[in-house]
Amino acid sequence: MSFRKVHIAIILLAAVVFLLILHHNILGLTDILTRQSSDSAPLVFQRLEALRDAHESPPEERQGEEIAVVIPGVEERLGGLVAAINSISSNTKSNVVFYIITTNDTKGHIRSWLDGTGLKRVTYKLLAFDTRVLDGKVRVDAGAEPVKPMTFARFYLPNLLPETKKAIYLDDDVIVQDDIRDLYNTPLRPGHAAAFSDDCDSVTSKFPVRGAANQYNYIGFLDYKKERIRSLGMRANTCSFNPGVFVANLTEWRRQNVTRQLEKWMELDVAEELYSKTLSASITAPPLLIVFYQRHSNLDPLWHVRHLGSSSGKRYSPQFVKAAKLLHWNGHFKPWGRTSSYPEVWEKWFIPDPMGQFAPIRRHGEADGTK
């Protein structure tokens with residue numbers, strides 16, 4: 001009888017050991033599956049910080065619905081960001097919220113600059129752009145300038161602002177001289193997800209960019225020798241548009257899945273090299289030109305007076321620059337650089353960096369205050 005009890009005890013002990021091993025293996029498998037699921041999950045755009053009270057303007061100064069203004073915050077160009085924000089906030093009483101697209105490495109610098117100066121009055125949110133979404137979508141030619149991932153953030157506005165229905169996108173090399181609400185109120189036609197400035201508008205065509213062949217036409221951006229481009233039926237002499245300033249209907253953008261359309265053409269360019277070999281502007285323009293071909297509304301020309309950075313000379317008269325509602329220094333000659341057009345207009349809105357990491361570069365005579 002005692003032998004039988006021992007036998008039963010051994011069987012029970014073996015069963016317990018088996019169950020413990022099985023339980024451990026199940027937990028291990030669950031952990032593996034969880035990690036695999038996490039690794040394969042789609043990339044998300046992370047808000048770096050929520051809106052804080054310290055960043056809100058006094059209620060009596062804010063009027064009407066929120067006006068979302070999206071601007072990239074790149075470390076070496078933060079002076080441009082600050083000047084743009086200062087010019088916008090100083091020229092409006094509207095309820096403007098600045099959505100600054102940046103990286104974890106730069107967010108501390110932005111906070112100290114905005115919170116430690118007169119710009120602590122503005123309302124802003126910092127948004128992180130995960131550049132991994134660009135993997136396999138951007139072609140890098142030998143000898144070309146390094147790709148700047150943040151320039152593609154504008155393609156992902158609905159992901160970055162999931163609860164926003166309408167927004168203004170601005171490059172960081174702009175100055176606004178009028179109430180940004182007027183730009184926000186730009187009428188968009190039914191079915192149009194964005195409004196841009198056509199390069200054949202009365203302002204731009206009056207002052208051509210010297211040495212820029214086909215600057216204002218689709219053929220300057222797309223390779224019409226490629227069958228895939230020709231098959232789209234887009235006329236090569238169609239006026240292009242500048243993507244540095246635009247108003248977006250994000251509800252319509254989501255409905256048409258514009259972001260995925262843009263990604264498709266980026267991927268096709270990597271495989272087939274569809275962009276023009278003499279590309280006259282940023283590589284962000286070609287996919288936008290394709291997706292928005294004859295499907296975008298137009299901005300008032302005075303709300304995007306551009307090409308101030310195309311040369312160091314004065315392209316426009318002082319009277320015209322003063323009358324412009326938005327100035328854009330697109331091109332190589334930035335207003336914080338050694339030479340540029342109308343740097344004094346930009347400097348009016350620039351606020352020195354309290355951390356001393358950014359300072360405009362000026363010629364010796366200008367730095368000394370001499371002529």
Side-chain angles (χ1 to χ4, degrees), residues 42-51 65-74 81 84-85 88 95-103 107 110 123-134 137-138 148-174 176 180-181 183-189 191-197 241-266 282-293 295-299 303-304 326 328:
L43 297 174
V44 295
F45 297 89
Q46 176 187 15
R47 182 165 294 176
L48 293 180
E49 66 173 24
L51 185 62
E65 66 176 312
E66 174 186 306
I67 296 178
V69 177
V70 184
I71 310 179
V74 180
L81 167 72
I85 290 177
I88 294 168
N95 181 21
V96 176
V97 177
F98 295 97
Y99 291 86
I100 303 171
I101 308 173
T102 189
T103 63
K107 64 181 182 180
I110 295 174
T123 302
Y124 69 88
K125 299 180 183 180
L126 300 180
L127 307 176
F129 178 58
D130 193 335
T131 58
R132 290 178 297 169
V133 298
L134 301 176
K137 299 182 180 72
V138 181
K148 299 173 182 176
M150 200 66 70
T151 63
F152 294 95
R154 72 196 80 189
F155 290 6
Y156 297 90
L157 292 183
N159 306 74
L160 292 160
L161 285 71
E163 300 174 2
T164 302
K165 297 180 180 179
K166 187 178 183 181
I168 297 170
Y169 175 86
L170 301 176
D171 279 347
D172 57 11
D173 50 357
V174 305
V176 173
I180 195 72
R181 172 172 290 279
L183 178 60
Y184 183 80
N185 288 335
T186 297
L188 273 70
R189 295 174 60 186
H192 286 182
F196 298 93
S197 295
F241 55 77
N242 184 291
V245 175
F246 63 88
V247 179
N249 178 341
L250 297 184
T251 301
E252 189 66 29
W253 193 298
R254 294 184 186 97
R255 189 187 71 80
Q256 298 182 23
N257 202 2
V258 169
T259 295
R260 183 55 203 142
Q261 292 186 58
L262 294 169
E263 288 183 325
K264 167 193 167 184
W265 287 105
M266 293 166 70
S282 167
I283 59 175
T284 58
L288 287 164
L289 292 174
I290 295 173
V291 173
F292 286 100
Y293 178 72
R295 296 185 66 186
H296 69 274
S297 299
N298 296 320
L299 300 178
W303 268 109
H304 193 184
L326 184 148
H328 187 187

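One-based numbering along the sequence shown.
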What class does the angle between the rings of [X] and [Y] fall in, given that below 30° is parallel, 30 to 60° is tilted and above 60° is perpendicular?
X: H328; Y: H304; result: parallel
X: Y156; Y: F129; result: tilted
X: H296; Y: F196; result: perpendicular

Using every non-hydrogen atom in the two residues, find where [X] and [Y] come nearest and quote the distance to one decimal.
X: K166; Y: V247; answer: CE-CG1, 3.6 Å
X: N242; Y: G244; answer: OD1-N, 2.7 Å
X: G73; Y: T102; answer: O-OG1, 2.9 Å
X: L299; Y: S197; answer: CD1-OG, 3.5 Å
X: A193; Y: L188; answer: C-CD2, 4.0 Å
X: L160; Y: A153; answer: CD1-O, 3.7 Å

Residues in side chain to side chain contact (heavy atoms under 4.5 Å, CB included) contact with [X], at least two apart in sequence or another chain:
X: H192; value: R189, S297
X: T151; value: K148, R154, T284
X: A84; value: I71, V174
X: R295; value: Q256

So with a 6.0 Å cut-off around NZ of K165, is the heavy-atom count from everything else above 12?
no

Of [options], which meets side chain to side chain contact (heavy atoms under 4.5 Å, CB included) against [X]?
X: L170; options: I88, L81, V70; value: I88
X: I67; options: I168, N95, V97; value: I168
X: Y124; options: I100, I85, V69, V96; value: I100

Which residues satisfy the salt bridge (charged side-chain N to carboxylate O under 4.0 Å, His left out) test with R254, sequence neighbours excluded?
none

Check W253, W265, F155 against F292 for a ring pair (Phe, Tyr, Trp, His ring centres under 6.0 Å) and give me the one that passes.
W253

Euclidean distance, [Y] [atom2] relative to [X] [atom1], rounded to 0.5 Å:
X: M266; Y: R260; atom1: CE; atom2: CZ; result: 10.0 Å
X: T103; Y: D130; atom1: OG1; atom2: CG; result: 11.5 Å
X: Y99; Y: T123; atom1: OH; atom2: OG1; result: 10.0 Å
X: L250; Y: E163; atom1: CG; atom2: CD; result: 12.0 Å

Could you walk me through whether F241 and L288 pass the side chain to side chain contact (heavy atoms under 4.5 Å, CB included) test, one step at a time?
CA-CA 9 Å; F241 55 77; L288 287 164; 4.1 Å; yes

Which residues pass the side chain to side chain donor-acceptor pair (under 3.5 Å) test with D172, sequence neighbours left out?
R77

Could you walk me through whether L161 and L127 pass side chain to side chain contact (heavy atoms under 4.5 Å, CB included), step by step?
CA-CA 9 Å; L161 285 71; L127 307 176; 3.7 Å; yes

Working note: W303 + V176, criterion side chain to side chain contact (heavy atoms under 4.5 Å, CB included); need CA distance, chi angles, decisive distance, verdict.
CA-CA 8 Å; W303 268 109; V176 173; 3.8 Å; yes

D171 side-chain N/O to D173 backbone N/O, donor-acceptor pair under 3.5 Å
no

Residue pair V291 / K264, side-chain heavy-atom distance below 4.5 Å
no

Given side chains that start at C-beta, do those of V138 and F152 come closer than 4.5 Å, heavy atoms only?
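A side-chain contact exists here, since the closest heavy-atom pair is under 4.5 Å.
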
